[in-house]
Amino acid sequence: LEVLQDAEAWMVELARRDALLAVRVCEARDGYAREGFGWDDLKRVVLEDLQAANEDTLRAALRAQYEPAADADAAGGGGAGW
């Protein structure tokens with residue numbers, strides 16, 4: 001994954017590869033600059049996605065921690081017998 005260092009050079013390369021797409025990106029950039037970007041909406045979406053990802057990660061970690069114990073219990077080697 002390459003980090004974008006020079007947005008204008010990237011736009012020149014995009015225009016060389018796909019002129020119509022470059023025009024659309026330029027129009028979108030202009031619209032965001034004129035209308036203002038929805039930072040509050042972006043923050044809300046990012047926080048929602050972050051919370052969902054954290055919940056998925058923790059759920060997977062808990063599942064991985066407790067599933068082997070459940071498998072051992074089912075096989076008769078459960079130890080404490082919970």
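The first residue of the sequence shown is numbered 1, and numbering continues consecutively from there.
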Flag if over 12 foreign heavy atoms under 6.0 Å of CD, E35: no
D49, CG atom: more than 12 neighbouring heavy atoms under 6.0 Å: yes
With sequence neighbours excluded, residues passing side-chain contact (heavy atoms from CB on, under 4.5 Å) with L14: W10, M11, L21, A22, V25
side-chain contact (heavy atoms from CB on, under 4.5 Å) partners of E55, counting only residues at least two apart: Q51, R59
Listed partners of E8 passing side chain to side chain donor-acceptor pair (under 3.5 Å), at least two apart: R29
Which residues end up grouped with [X] if you chain together Ile, Leu, Val, Met, Phe, Trp and Tyr wherever their side-chain heavy atoms are less than 4.5 Å apart?
X	value
L42	Y32, F37, W39, V46
V45	none
V23	none

side-chain contact (heavy atoms from CB on, under 4.5 Å) evaluation trace for D41 with R44: CA-CA 5 Å; D41 292 334; R44 178 185 50 78; 4.1 Å; yes
Note, L62 side chain near Q65 side chain (heavy atom, < 4.5 Å): yes
